Amino acid sequence: PWDKLQMEEEKWFAGKDEDIVNAPNQAARKKKIAALEQSNPTLFAEFIAAGQSIASDSCFVKNSGRFPLTAVGKLELSSLFAELCLSFSKEAWGLVLPTGIAVNDSNKAFFSKLIDENRLMSLYDFENREGLFDIHRMFKFCLLTAGKAQAEPRTVNGGFYLTRIDHLLDPNRIYTLRTDDFALLNPNTKTCPVFRTSRDARLTTKIYHRCKVLMNDVTSENPWKIRFCGTFNMATDSDLFRTYAQLKEVGAEYKAPNFVFNGEIYVPLYEGKMIWYYNHHFGTWPTLGERPNTISTPPLAELADPNSFIMPWYWVPLSEVKSRLMKTDKDGNIVWEWKYNWLFSFRKLTNATNERTFVLSTMPGTVGAGDSTTLLCTEHGTIPGALLLAMLSSLTLDYIVRQKVGGSNLSHFFLKQFPVLIPGQIPDKVKPYIIERVAELCYFNHDLDGWMCELWNDKAMTDDIRTALLARLSECNGLGLDSDSLAAPDFTKMQPYIYNEPRRAVAQAELDAIFAHLYGLTTEELHYILDPEDVCGKGCINETFRVLRDNEIRQYGEYRTKRLVLEAWNRFGFDN
């Protein structure tokens, strides 16, 4: 029983009413369903009865007291069944379950009990690539075995991304942890870390011993003052959305990148596929026709134009954006408000086998964000924000993320448990190197003028860093600024850095090298993260950044990132 206990309207109406199935959004679908009461009362009655049946089952599950650990969020029958096994068994039990039982936030209370009471004996995760079950080949399931509670920590055998039964006998794929290691790696949820190899388990544990997690719900530590906020739900908020065609039809005036209609400003609604790391112009939508499944990246000439704009599919009222960037108390008084002219947003849909898994981007401060992204606010200031952006965009952090994310949904519950260096672990002498590179990578368009202005005027900014920013701008854009201009750095001389792909690749590689060093990697460990076959030989089962490597070999004839990162590592004198 691997279904969800919820009414899924699209699935229920499949084969019954395709017009409802193909509705463009949830708001439109609900109108069509309501119309059935007159047009097809028999089908409408069946739908209502099905919904009431599911509601009754859900009510029992949530209120009977039999499922205190798993009756959370969208109810999963597999999770409920696992809790029954935990309640009924005297010795040990084992189940075949979706892997979400061990990695999803909704199951954290259940899995945490297995860890806290030292019950977990083994967990082996399988991808269905080789058709072990007659289900989708991307589906992930696991073999979970638990025993009696005991006082002493228990050794847990684990493995992830297995595809055949004989993988259970491969010592490179199977690792061991103690149950008390789970609190180090996932202190908030005690959920299972996702390791491909035993070497990954050792290296990840080493990094966690050096770091804090981004937000520790147990100790309330929040070293970067992080807050999540402000997204639009693509289903329930769809009545606020307007397309290009809809706004043009009612006579709205397009003032790029916004529309103005009846005194209301409509601003772009960003979606996950529109951003990439250090690139808030990664994807642009067409203005005509049906909404496509994929969108294109603007050509380099357009990216190099600092006055260009990308197109969203939807625009939303600016007043709604502002209301989601503040919190009020019950009396309507503002208790928190985002006051910066920029935003950070990360992609929620991802996979540990993608080119990159965690994608974070700077965005203009007056845009909306759909729920395929999550807004990440850091209240330390713009310079600390730039340092955090660089750290969270580093290859080392992304390597760790690949050990954390077992599915395709990267929620903020995962992000909270990422290992981060606290601000004091980034030496003052290193910060200028980071800031000037982040500035060039982010500030290539005038729509981030607000971010650049606040970076320049941040209380932590120094004239030495301002001079470095102008010198880098002069070099990038061919301005030929003289020594007198650099000696008295003036913001009026700032302008967006021309989007230059080769320069950007070097700057990103230099940041990757810096943070690999700050995270405490050795040269061999950096080689392993970049290209495991370098260290382990051909046939290495750790894929790490294989998609990145293969894409770059096709595009450039070499694994460019690997070469540039290692060159920067040696140039900075990190070789050891």
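Note that the structure is a prediction, hence the values are computed from the model and not measured.
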Trainee: Applying side-chain hydrogen bond (donor to acceptor under 3.5 Å, both in side chains), name anything that partners T492, two or more places apart in sequence or on another chain.
Mentor: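 Expected list: D490.
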Trainee: Main chain of E379, side chain of R227: is a donor-acceptor contact present, judged purely on distance under 3.5 Å?
Mentor: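 No, the answer is negative, given that no donor and acceptor are paired below the 3.5 Å cut-off.
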Trainee: Just grab all the salt bridge (charged side-chain N to carboxylate O under 4.0 Å, His left out) pairs involving residues 346-372, residues at least two apart or on different chains.
Mentor: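 Matches after skipping sequence neighbours: R356-D398.
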Trainee: With rounding to the nearest 0.5 Å, note down the distance linking SG in C453 to CE in M494.
Mentor: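 The SG atom of C453 sits 10.5 Å away from the CE atom of M494.
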Trainee: Do you know which two heavy atoms are closest between P292 and I295, and how far apart they sit?
Mentor: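 So the minimum-distance heavy-atom pair works out to CG-CG2, 4.3 Å.
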Trainee: Closer than 3.5 angstrom, by distance alone: can the side chain of N445 be matched with the main-chain N or O of P306 as a donor-acceptor pair?
Mentor: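 Pair found, side chain donor or acceptor close to backbone of P306.
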Trainee: Can you tell me how far apart CG (L360) and OG (S345) are? Round to the nearest 0.5 Å.
Mentor: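 L360 CG to S345 OG: 7.5 Å, rounded to 0.5 Å.
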Trainee: Under the 3.5 angstrom rule, does the side chain of N477 hit a backbone N or O of I498 as a donor-acceptor pair?
Mentor: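 Such a contact is found between N477 side chain and I498 backbone.
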Trainee: Using a 3.5 Å distance criterion without hydrogens, assess whether the side chain of N233 forms a donor-acceptor pair with backbone atoms of D237.
Mentor: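 Not confirmed, N233 side chain does not pair with D237 backbone.
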Trainee: Can you find a side-chain donor-acceptor pair between Y528 and T522 that sits under 3.5 Å?
Mentor: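 Per modelled atom types, Y528 and T522 side chains form no pair under 3.5 Å.
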Trainee: Considering non-hydrogen atoms only, spot the tightest contact between R196 and Q403 and give its length.
Mentor: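 Closest approach of R196 to Q403: N-OE1, 4.0 Å.
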Trainee: Mind checking whether F241 and Y314 have parallel, tilted or perpendicular rings, split at 30° and 60°?
Mentor: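 The rings of F241 and Y314 sit tilted, inter-plane angle from 30° to 60°.
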Trainee: By ring-ring contact (aromatic ring centres under 6.0 Å, His included), which residues pair with Y443, not counting sequence neighbours?
Mentor: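 Per chain and number, Y443 pairs via ring-ring contact (aromatic ring centres under 6.0 Å, His included) with no residue.
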Trainee: Is the number of heavy atoms from other residues, nucleotides or ligands under 6.0 Å of K327 NZ greater than 12?
Mentor: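 No, not enclosed.
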Trainee: Would you mind telling me which of T462, T467, D464, I465 makes a side chain to side chain contact (heavy atoms under 4.5 Å, CB included) with P432?
Mentor: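 That would be I465.
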Trainee: Which pairs pass salt bridge (charged side-chain N to carboxylate O under 4.0 Å, His left out) with one or both residues in residues 260-274, sequence neighbours excluded?
Mentor: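 Passing the test, one end in residues 260-274: E271-R291.
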Trainee: Between Q508, E552, R549, which is the residue that forms a side chain to side chain contact (heavy atoms under 4.5 Å, CB included) with T561?
Mentor: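 Single pass found, and it is E552.
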Trainee: In terms of the angle between their ring planes, are W338 and W336 parallel, tilted or perpendicular, with boundaries placed at 30° and 60°?
Mentor: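 The arrangement is tilted - the two ring planes meet at 30° to 60°.
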Trainee: For a salt bridge (charged side-chain N to carboxylate O under 4.0 Å, His left out) check, start with the C-alpha distance between E221 and K416, then their side-chain angles and the critical distance, and finish with the verdict.
Mentor: CA-CA 11 Å; E221 292 176 281; K416 283 182 176 184; over 6 Å; no
Trainee: What residues, two or more places apart in sequence or in another chain, satisfy ring-ring contact (aromatic ring centres under 6.0 Å, His included) together with F346?
Mentor: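 F346 satisfies ring-ring contact (aromatic ring centres under 6.0 Å, His included) with F358 once adjacent residues are dropped.
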Trainee: With a 6.0 Å cut-off (strictly less than), is the heavy-atom count around CD of E249, excluding the residue itself, greater than 12?
Mentor: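 Open: at most 12 neighbouring heavy atoms sit under 6.0 Å from CD of E249.
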Trainee: Below 30° counts as parallel, above 60° as perpendicular, anything between as tilted: where do the rings of W313 and W285 land?
Mentor: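 Taking W285 first and then W313, their aromatic rings sit tilted (interplane angle of 30° to 60°).
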Trainee: How would you list all residue pairs meeting salt bridge (charged side-chain N to carboxylate O under 4.0 Å, His left out) that involve residues 433-459, not counting sequence neighbours?
Mentor: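 Checked against salt bridge (charged side-chain N to carboxylate O under 4.0 Å, His left out) - neighbours excluded - the pairs reaching residues 433-459 are E436-R472, R437-E510, E440-R472, E440-R503.
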Trainee: Grab the two heavy atoms, one from H446 and one from P496, that are nearest each other, plus how far apart they are.
Mentor: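 Heavy atoms of H446 and P496 come nearest at CE1-CD, 3.3 Å.
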Trainee: Among pairs that include at least one residue of residues 199-230, which meet ring pair (Phe, Tyr, Trp, His ring centres under 6.0 Å), considering only residues two or more places apart or in two chains?
Mentor: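 Only F228-H412 qualify under ring pair (Phe, Tyr, Trp, His ring centres under 6.0 Å).
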Trainee: Does NZ in K431 sit with more than 12 non-hydrogen atoms of other residues, nucleotides or ligands closer than 6.0 Å?
Mentor: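 Atom NZ in K431 is packed in, count exceeds 12.
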Trainee: Quick one: does any side-chain atom of N188 pair with a main-chain N or O of D217 as donor and acceptor, under 3.5 Å?
Mentor: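 Between the backbone of D217 and the side chain of N188 there is a qualifying donor-acceptor contact (under 3.5 Å).
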Trainee: What do you reckon, are the aromatic ring centroids of Y499 and H281 less than 6.0 Å apart?
Mentor: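 No, ring centres 6.0 Å or more apart.
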Trainee: Will you find, in the side chains of W451 and T382, an N or O donor that is under 3.5 Å from an N or O acceptor?
Mentor: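 Absent: no donor and acceptor within the cut-off.
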Trainee: Output a table of donor-acceptor pairs, distance under 3.5 Å, between side-chain atoms of residues 384-396 and any protein atom two or more places apart or on a different chain; print 'none' if there are none.
Mentor:
from, atom 1, to, atom 2, distance (Å)
S393, OG, L389, O, 2.8
S394, OG, M391, O, 2.8
S394, OG, L397, N, 3.3

Trainee: Taking only residues two or more places apart in sequence, or in another chain, which ones meet Y556 in a ring-ring contact (aromatic ring centres under 6.0 Å, His included)?
Mentor: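 Y556 satisfies ring-ring contact (aromatic ring centres under 6.0 Å, His included) with no residue once adjacent residues are dropped.
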Trainee: If a pair satisfies salt bridge (charged side-chain N to carboxylate O under 4.0 Å, His left out) and one of its residues is in residues 302-322, list it, with sequence neighbours excluded.
Mentor: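 Salt bridge (charged side-chain N to carboxylate O under 4.0 Å, His left out) check on residues 302-322 returns E320-R324.
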Trainee: For N186 and T189, test the side chains for any donor-to-acceptor distance below 3.5 angstrom and give the result as yes or no.
Mentor: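 Short answer, no.
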Trainee: Rounded to the nearest 0.5 Å, what separates atom CG in L177 from atom CG in L185?
Mentor: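 Result: 6.5 Å between the selected atoms.
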Trainee: Looking at P268 and N258, what are the two nearest heavy atoms and their distance?
Mentor: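 Heavy atoms of P268 and N258 come nearest at CD-OD1, 3.3 Å.
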Trainee: For F574 and H517, take the angle between the two ring planes, folded into 0 to 90°, and tell me which bin it lands in: parallel under 30, tilted 30 to 60, perpendicular over 60.
Mentor: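 Ring orientation of F574 relative to H517: parallel.
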Trainee: If you take all heavy atoms of G381 and W342, which pair is closest and at what distance?
Mentor: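 So the two residues come closest at O-CZ2, 4.1 Å.
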Trainee: State whether the side chain of N222 and the backbone N or O of I226 hold a donor-acceptor pair below 3.5 Å, judged by distance alone.
Mentor: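 Side chain of N222 to backbone of I226: a pair is present.
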Trainee: In Å and rounded to the nearest 0.5 Å, what is the CG to NZ distance from L479 to K493?
Mentor: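 Nearest 0.5 Å value for the CG-NZ distance: 11.0 Å.
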Trainee: Judged by atom type as modelled, is there a donor-acceptor pair below 3.5 Å linking the side chain of T357 to the main-chain atoms of R402?
Mentor: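 Judged by distance alone, no pair lies under 3.5 Å.
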Trainee: Other residues, nucleotides and ligands only: do more than 12 of their heavy atoms fall within 6.0 Å of NZ on K206?
Mentor: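 Atom NZ in K206 is crowded, with more than 12 foreign heavy atoms closer than 6.0 Å.
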Trainee: Taking atom CG as the centre, does N293 end up with more than 12 heavy-atom neighbours from other residues, nucleotides or ligands that are less than 6.0 angstrom away?
Mentor: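 Counting other residues, nucleotides and ligands, CG of N293 stays at 12 neighbours or fewer.
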Trainee: Please enumerate all residues that pass side-chain hydrogen bond (donor to acceptor under 3.5 Å, both in side chains) together with N262, with sequence neighbours excluded.
Mentor: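 Here no residue qualifies.
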Trainee: Okay, side chain of Y399, backbone of T204: is any donor-acceptor separation there less than 3.5 Å?
Mentor: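 The answer is no, because no donor-acceptor pair under 3.5 Å joins these two groups.
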Trainee: Distance check, rounded to the nearest 0.5 Å: L469 atom CG versus F491 atom CZ?
Mentor: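 If I round to the nearest 0.5 Å, the distance is 10.0 Å.
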Trainee: Might you confirm whether atom CZ of F309 has over 12 heavy atoms from other residues, nucleotides or ligands at distances under 6.0 Å?
Mentor: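 Count over threshold, so yes.
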Trainee: Quick check against the 3.5 Å criterion: does N216 have a side-chain atom that pairs as donor or acceptor with the backbone of K212?
Mentor: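 Absent.
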Trainee: Between W276 and S361, is there a side-chain donor-acceptor contact under 3.5 Å, judged purely by atom types and distance?
Mentor: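 On atom types as modelled, these side chains do not qualify, holding no pair under 3.5 Å.
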Trainee: Report the distance from atom CZ of R242 to atom CZ of F259, rounding to the nearest 0.5 Å.
Mentor: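 Rounded to the nearest 0.5 Å, the CZ-CZ separation comes out at 12.5 Å.
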Trainee: Would you say the ring centroid of Y266 lies under 6.0 angstrom from that of W315?
Mentor: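 For Y266 and W315, the ring centres are not under 6.0 Å apart.
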Trainee: Could I get the full list of ring-ring contact (aromatic ring centres under 6.0 Å, His included) partners for F195, not counting sequence neighbours?
Mentor: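 Expected list: Y175.
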Trainee: Got a donor-acceptor contact below 3.5 angstrom from the S474 side chain to the L470 backbone?
Mentor: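 Side chain of S474 to backbone of L470: no pair is present.
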